[in-house]
S.K.: 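Could you have a look at this structure, given as C-alpha cells, before my questions?
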Amino acid sequence: GCTSKPTNSEPTVSKGAEEIEPKTKTIIDSVGREVEIPTKIEKVVTVGPVGVLNCFVFTMGEGNTIANGLPPRFAKSKNWKYHSIFNPAIATNPVVEDGNAVSMETLIEINPDIVLTMDEKTADDIWNKGMNAIVLNWKNPEDVKEAVNLLGQIYNKPERAEEYSKYFDRTLAKVKDTASKISEEKRVRVLNTSLGSLSQPHVIAEWWIEEAGGISVTGGIERKQRLEFSLEQLLEWNPEVMIVSSQDDKELAYSDERFKDLEAVKNKRIYVTPSFGHVWANRTMEQPLTVLWAAKLFYPEEFKDINMNEELKLFSEKFFSYKLSDEESKEILGDMN
Amino acid sequence: MELKLEINNVNCGYPKKTILENISFEIGTGDILCILGPNGVGKTTLFKTILGFLKLQGGSILLDGQDINTWSRKDFAKAIGYVPQAHTPPFPYKVREVVVMGRTAHLGIFASPSLQDYAIAEKVIDSLGISYLTDSVYTEISGGERQLVLIARALAQEPKILIMDEPTSNLDYGNQVRVLKHIKELSKRNIGIIMTSHFPDHAFMASTKVLAINRGGEYRIGTPKEVVTSQLLQRIYNIRVQIDTVVDRVHNDHLKVCVPILKD
Amino acid sequence: MELKLEINNVNCGYPKKTILENISFEIGTGDILCILGPNGVGKTTLFKTILGFLKLQGGSILLDGQDINTWSRKDFAKAIGYVPQAHTPPFPYKVREVVVMGRTAHLGIFASPSLQDYAIAEKVIDSLGISYLTDSVYTEISGGERQLVLIARALAQEPKILIMDEPTSNLDYGNQVRVLKHIKELSKRNIGIIMTSHFPDHAFMASTKVLAINRGGEYRIGTPKEVVTSQLLQRIYNIRVQIDTVVDRVHNDHLKVCVPILKD
Amino acid sequence: MVTAAQKKINNKYKLLLLTIIPIIAFFLSITLGRYSITIKEIFIILTSKLLQKDIDYPKVMETVIFQVRIPRIIAAMIVGSSLTVSGAVYQGMFKNPMVSPDILGTSAGAGFGAALAILLSFSSLGIQATAFMFGLIAVLLTYTISTKVGKGGNIMFVFILAGILVSTVFQSFISLSKYVADPYDKLPAITFWLMGSLASISQRDVYTILIPFLLGIVPLFLVRWHLNTLSFGEEEAKALGVDTKKLRFLVIICSTLLTASSISVAGMVGWVGLIVPHLARMVVGPDFKVLLPASALMGSTYLLLVDNIARSVAAIEIPLGILTSLVGAPFFIYLLLNTRKGWN
Amino acid sequence: MVTAAQKKINNKYKLLLLTIIPIIAFFLSITLGRYSITIKEIFIILTSKLLQKDIDYPKVMETVIFQVRIPRIIAAMIVGSSLTVSGAVYQGMFKNPMVSPDILGTSAGAGFGAALAILLSFSSLGIQATAFMFGLIAVLLTYTISTKVGKGGNIMFVFILAGILVSTVFQSFISLSKYVADPYDKLPAITFWLMGSLASISQRDVYTILIPFLLGIVPLFLVRWHLNTLSFGEEEAKALGVDTKKLRFLVIICSTLLTASSISVAGMVGWVGLIVPHLARMVVGPDFKVLLPASALMGSTYLLLVDNIARSVAAIEIPLGILTSLVGAPFFIYLLLNTRKGWN
Ligand SMILES: Nc1ncnc2c1ncn2[C@@H]1O[C@H](COP(=O)(O)OP(=O)(O)OP(=O)(O)O)[C@@H](O)[C@H]1O
Ligand SMILES: Nc1ncnc2c1ncn2[C@@H]1O[C@H](COP(=O)(O)OP(=O)(O)OP(=O)(O)O)[C@@H](O)[C@H]1O
Ligand SMILES: [Mg+2]
Ligand SMILES: [Mg+2]
C-alpha cells in the first residue's frame, strides 16, 4: 500500500537563509518525498483526480492560483461545476492532463510553482522535467486532516488547516455524541451502492456510515476498494437505507420489481449522494459534511436540530470562501430538505 | 440421359493475367477427355473456370445448351462433379461423413442425408476398394488415401460429368490403375469425364479424347492415337518419347506405351 | 569422398503408432535407391525418421559409421539433403532466395550468402532448366515448378546423399524425365540418392537399388531387375503388371517398361 | 465396422444424455444462491406456483426464485448456447478452429455501444439496446467491406481481416469513451460492463434475449447439415452444389443475432464460444448434424455452471468474464493438445 | 534478368534511403511541440550545445528540447524499431503474417506487471521494472509450457497456443487488478497506462530502454539471414542445417527483450509490430538480410510520425495506443489486400 509517513507539521526552512525572506522552503509530501518549493505559491497545477485536489486548494482560499482547467472527463459532468464558479478562470485555463498523459510542454509553458498529484509515478515524471511535484494522498479517512495540513504548509496558512482540523473533529464528535445514544436495535442497516451495476463503489463508505451511526451491510467483507454483489445478496442484506450514486439509480430502485421487497424501497429511504466541491460519498475534504448528512438521513428524529442547509452554507463560506444561495444549497442537498 | 458440356472460344485466367485463350471443345456423357500439358500451362485454371470459381474472361461455356451462369449451384452440382487436388480440412471428419457430403446437391437445404444416402456413400466407398477406411478420420490418412476419398465423394454426387484434376497424382501404382479402371466403368455408365494427367499412358489407357495444351496457347484435340504422338509429346514436354506397342499376354490385346528416353 | 548411410533394424512411426519395423539397408555415395510401396505404407515416415524429425523407435541409423544423433545439424545437412513434398511458405520469397537457402549449412551463423553462394544457386537453377523462374516469386508459380525449385535448393546444399520424397509426383512428363536424368548425373558425381516413386518404371530408369515395401511390413531390397518383378508388383499393388522390354530405336538400348493391365 | 444406422443410434443416446444434463443442472442451480432458502421451501414454492395455489411463504422468497434466480439461470443457459453455437458455426465456416464468435467485430461493436450508452446515462434497457445495435452495425460494416473488397479470391480471409479492422476501430472507440468518461462513475461502469456479468438479469431481460435467440438458432438448426460443406472451403462447397453466398449470409446473420444479444445482456464473456465447440466436437465429432445441438446443450450447461460459481461462492461477485477466462483458457489448451487430430 | 550483384546494389540504395528518412524525421520532430520555440532558436541551442558554448537562451527552452522533446523522439524511435523488428522476426518464425510481437504473452504480462505496480503505488521506474519483469515472466511461462508439452510435432503451433493461454491468464489478472483498484485513482491510472503513451518519457527512460534494445537487436541483426530458413518450417530449416531449437530460443529471448522493454516505457502500443513489417516486406521483400534493417528503420520512422501527431495535433494528447490502432488497422487491411501475394 501507500508508504505515507506522517508529515512534519513545521515548515522546514531551507539552507540558513534566515536573514531576509527566504525564497524557497522544503516540505515533505504525503509519501515522504522532500520537495523544495517557492515560499510564495502563485501558480499551482493539479494533475490526476482534479476534483479532489482542487478542493484542497480552495480550502486554503487560494482557488485563484489554480492555473489549469478541468480535463474533459471532469468538465463534462455537472458534479464539478462549482470549480469554475469558485474560480472562473478554470473554465478557460489550458488542460494539462487527460488521464492518459500529462502534456509536459503545456505544463512547462504554464510554469507552475508546484504541481499537486495523488500519484507518485506522475510526480516523478514531472519532477524529472524540473518542476516541483507534490504527492498529496492519505490512507485513513481521518488523515485527510494531514493532507489539509500539508496544504497549510505549502500556502503558509497553517491557521486555516488548523481550523479545518477543528471543524472536522468537532463535527464528528457532535454526530458521535448523538449517534452513540441510539440503541442497537434502532440502528439502520445501510448500503452505499451504484445500483445500476450492483456494486459498492468505495470502501470509505464503511467509515462514514459507521460514523453516522449506521450499520453498513457490506461492513464485514474484507476488500480493498470496490465490491460487486449479486441481486440475491442484496435481497439477503435487505438494507433499510440505500445511498445511491445518481438519480437514475433512485428511479431504478423504485421501478424495478425485483427491489420491491427491500425495506429501503418499501419505506422510500433511497437517497442520492450530493456533490459540491466533490462527490460526498467518496474521499474528499468535505467528509465531515458527508457524515453529518448521513446521520441526519439515518436518524431524522435524533438529528432534527441539525439544519443541513445552514451547515452547508457555513462550510462553503468558511472553507471555499463562497457564499451559497439557498437555491444552490437546496439543489446540492437534493433529497434532504 | 445425354448431357453436353461445350467450351466455346474460352479465355481464362486471373484478374490481371490471362492464362489460356480461345480454347474450344465439347464433351458428352460417355466421353473421357484427358488433358495433357506441361506444368503451369493452365489446366487447373481451365477447370476452375468451367466450375465457375474463376470469372470467364471470354467466350462461353454451355451445359446442356445453356450458359452455365444460368444454372443454379444445386442443379449444376447434380450435373457436374469435381475432384480437387487433395487437401486437409481442419476438422476430423470421418471418411463416411466426407463421402456422404457428395449427396448435398440431392438434398433440400433443411434436410440431412437419409440412411439411403449413407447407403449410396458406402456403396461408392466399397467400389473403390477403400471400405477399410470408412470409419477412419479423414485428416489422419495418407495423401493417396485422401485422393481416393475425394473421388468417392464426387461419385456419390452421381453427376453426369466428372471433372478430375490429376486424380492419380498422389496414388500408388495400384490405386492409379484402379482409379483409371473406375473411370472407364463410369463412362460405360454414360458419365462424361474430364481429367488431367501427367502421363500420356493414361490417355491411351482410359480416354476417348485427348486435349494437349502447349505453352504459348497452342492446343490440339482428338483421339489418343491422333494426338498422342511422339512428335507432339516431344514438342510439349521437350523430351524424346518413343511410343511402342506391347502385347498383353493374357488377353492378347495390343497396348500402346510411351517410353521416355533419358539418353540424349 | 565416400559416405555411407546405414539403416539397421529400424522401427519408425508416430508416438502411439509404429508404422515400419525392422527395416535395414545401406546406401553409399553413387547409389540410387528407389523406394516403392503402396499409399500409406510409411515411406514418408521412414524419411522423416532418417532426417531426425521423428524419434527413432528402435534400431540405429549410422552416417559415416556414427550414430546420426551425434551429428550436428549443420554437418548433417552438409552430408544429407532433403527434398520435401512441395508446400507454400507464407512469404513471397524470390526463387533465387529460396535456392540460395540451400547454402545455409555452409555458412557461419552470423554470415549471409556471398556472391559465390549466389553463383552456385544460379548454376543449379540453370542446370534444372528453370532459369526463367529465377526472379519469379516462389508463392506464385505452379506446383510442378515449385517442386523443381525445392530440388534446386537441395542441390545447392551440395550434400553427399540426397533424400527425395516423390520428387516427380507433381511434375509434368518432361520435367519428370529431366529430374530423373539429373538424378543419374548426380550419382555419377558420386552423390547418393534415396527417393520414393509411385512408378516402377522410374526404378528401372534411374535406380541402382530398389526397396519395395509391402503392407504388413514385408520388404525386399536388391537391384531393379531382382526386385521389380511382375509378381512383386502384383503383390504390392494388387494389380496385374506386365514387364516388357522395349528397344530405344535411336541408341538401340533395351529398356524395361512396366505395363499395368486394366482388363481383369 | 459400424454402420451408419448404428452410428445414428449411438448419437441419439449421446444427445439424450446431453439434454438430460442441462435439465438436472437447471434444477440444481435453483437451490444455489446467497439468499438462503431450503430445498424443501423451494420445492413447495415451485409446486404451489405450478398448481397455482396460494403460497404462505415470505413474498421475498418468491421474488428470489422467480425474479432473480430463474431469470439468471435461463439467461446463463441462453447466453452459453448462443455463444457456443455461433462459435461452432464460425469455426466451421472459417475452416479455423481458433475462431471465436466475435471474429467479425460483434463484441467490440457491442462493447462500444454499451460504453456509449453508459456515457449517455441510458437505462439498462437502453444499454442493452444500444449494445445490440452496435454489435449488428459492426458486423454489417465487416460484411459490407468484405463483399466490396473481396471479389472472388479468398473471401473468408478477407472476412477475418475486415473483422479485425472493424474490431480494432471499435476497440479504439471504446478506449476513447473511457477516456472521456467520468472517472468516479462512468469509467468503472464501462470497465465492469466489459468484464461481463449476469448479476443484474431480470425477467424482462430474459424475454428480450429470447427473441433474437430463437431468430438466430432456429434457421441454423434447420440448415445445420449443410454447414459441413463450408468447412471444405468455398470452392468445394460450391462444387457440391451449395449456394455459399446465401448460406454464408444466413450463418453470419444468425450468429450475429445470437452473439450480439448475448453480449448485450451479459457483457463480454470470453472463451465460451471458443472452447465449448471443441469440447462438443470431442464428444460427438465434427458433423454439424449432431454438433450443433450438442454445442447448444453443452454451452448452456457450461455457462450455467460457471455462473453458479460466480454468483454463489463469495459475497463478492466474481466477474463472469474473468471466471470464464481463468477456467476456460487452460482447459482450451488442454483440449487442443489432447485432441490435436489434424489441426496443424 | 537481374543478377544477384545488381540486386545487392539495388537493396543498398533502398536501405540508404530508409536510413536518411528517419534522420530527417528526427530533426523535423524537434521543431514540433506545444511550447513554441522557433526553428532558429532550436538551431542555435542545438549547435551551441554541441560546441559546448554557453547559451543565453531561457533555460526552459533547453529543458523543453533536451529533457522533453529529444528523449521522447528517441524513445519513439527505439520503441518503433523494437516492435517492428520483433514483429517481422516472429512473423517469419511462426510462418504467419498475422502474428504480432506480443503473441507469446509479453504485453499481457507487462500490462499485468504495470497494473500491479500501479496498485502498489510504485514509482515510475518501479512500474517500468515490474512491467518489464512480468513481460519476461509471461514469455518464460509460455516457453516452458510449450517445450514441456510439445514433444516433436508442430512446436510452433503449441507456442502460439501456449501464448494465447498465458496472455489470457495475465489478461484476467489485469482485469482482477482493475477490479480491486481504487476506482478514483488507480483504475484510471491502470486504464490509461494500458492505452499507451510516450508523454512522460524522461532522459533516464531513454537510457533504461537502450540497454535491452541493444541486447535484443544486435544478436538478431547478426543472425538475420538464417532467420529466413525458419519461415520454411521446423523440418525444412533443420534439413537445411539449422539448429532450430537454439535459433528459436535466441529469437524469442531477443524479441522479448525488445518488446517487453518497449511496452514497459510506452504502454500497449498496438499494430506497429503487425503492420510495419508488412510495409517493409513490400519495399524490400521477405529476405531478412535486408528486411531486418529495413524494419528497424521504417518502424522507428513510423512510430515517430504517429507520436508527433499524438503530441502536437490536438490540445489534449491523443493516447498513442488509440492513434496507432486508428491509423494502423485500416492501413494494415489495405496493405494485406493489395499485396496478398501468397498469404492465403
Ligand atoms: N492465384 C493465382 N494468381 C495468379 N496466377 C496464378 C494463380 N494460380 C496459378 N497462377 C498461374 O497460372 C498459371 C497456370 O497455373 P495452373 O495451376 O492452372 O497450371 P497447371 O497447368 O494446373 O500446372 P500443374 O501441372 O503444375 O498443376 C501458372 O503460370 C501459375 O503461375
Ligand atoms: N502425424 C501422423 N500421426 C499419426 N499417424 C500418421 C501421421 N502421418 C501419417 N500417419 C500414418 O502413417 C502411415 C504412413 O504414412 P506415410 O505418410 O509415411 O505414408 P507413405 O508411404 O508416404 O504414403 P503415400 O505414398 O500416400 O505418401 C499412414 O497409415 C498414415 O495414416
Ligand atoms: Mg494443376
Ligand atoms: Mg508419402
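FYI, side chains are in, hydrogens and waters are out, and symmetry mates aren't considered; it's all heavy atoms of this structure. Each chain gets a letter, A, B and so on, in the order its sequence line appears, and its residues count up from 1.
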S.K.: Check whether A:D124 gets within reach of chain E through its side chain, its backbone, both or neither, counting any heavy atom under 4.5 Å.
M.R.: side chain
S.K.: Which atoms of E:F122 are under 4.5 Å from chain A, going by heavy atoms: the side chain, the backbone, both sets, or neither?
M.R.: backbone
S.K.: For the residue pair E:Y35 and A:M104, establish whether any side-chain heavy-atom pair is separated by less than 4.5 Å.
M.R.: no
S.K.: With chain A as the partner, which of E:V68, E:I201, E:T191 has the greatest number of non-hydrogen pairs under 4.5 Å?
M.R.: E:V68
S.K.: Pick whichever of A:G48, A:P201, A:G130 has the most heavy-atom pairs under 4.5 Å with chain E.
M.R.: A:P201
S.K.: Look up atom OG in E:S123 and atom NZ in A:K121, then write down how far apart they are to the nearest 0.5 Å.
M.R.: 9.5 Å
S.K.: Determine whether A:N111 and E:V60 satisfy the following criterion, side chain to side chain contact (heavy atoms under 4.5 Å, CB included), listing intermediate values before the conclusion.
M.R.: CA-CA 9 Å; A:N111 194 21; E:V60 63; 6.0 Å; no
S.K.: Roughly how far, to the nearest 0.5 Å, is the CZ atom of A:R73 from the CZ atom of E:F192?
M.R.: 5.5 Å
S.K.: Quick one: CD1 on E:I127 to CD on A:E120, what's the gap to the nearest 0.5 Å?
M.R.: 9.0 Å
S.K.: Which one, E:R72, E:R69, E:Q203, E:Q67, leads in non-hydrogen pairs under 4.5 Å with chain A?
M.R.: E:R69
S.K.: To the nearest 0.5 Å, tell me how far A:I126 CD1 sits from E:S124 OG.
M.R.: 11.0 Å
S.K.: Taking every non-hydrogen pair under 4.5 Å, which of A:L227, A:D125, A:T122 racks up the most with chain E?
M.R.: A:D125
S.K.: Side chains of A:E109 and E:S36: closer than 4.5 Å at any heavy-atom pair?
M.R.: yes
S.K.: Locate the shortest heavy-atom distance separating E:S200 from A:K129; write the atom from each residue and the value.
M.R.: O-NZ, 3.8 Å
S.K.: In this structure, which one of E:I37, E:V64, E:T63 forms a side-chain contact (heavy atoms from CB on, under 4.5 Å) with A:E105?
M.R.: E:V64
S.K.: Side chain, backbone, both or neither: which part of E:A181 has a heavy atom under 4.5 Å from chain A?
M.R.: backbone
S.K.: Show your reasoning for whether side chain to side chain contact (heavy atoms under 4.5 Å, CB included) applies to A:S103 and E:R311.
M.R.: CA-CA 8 Å; A:S103 169; E:R311 72 187 169 96; over 6 Å; no
S.K.: Does atom CD1 (E:I39) have a neighbourhood of more than 12 heavy atoms from anything else shown, all under 6.0 Å?
M.R.: no
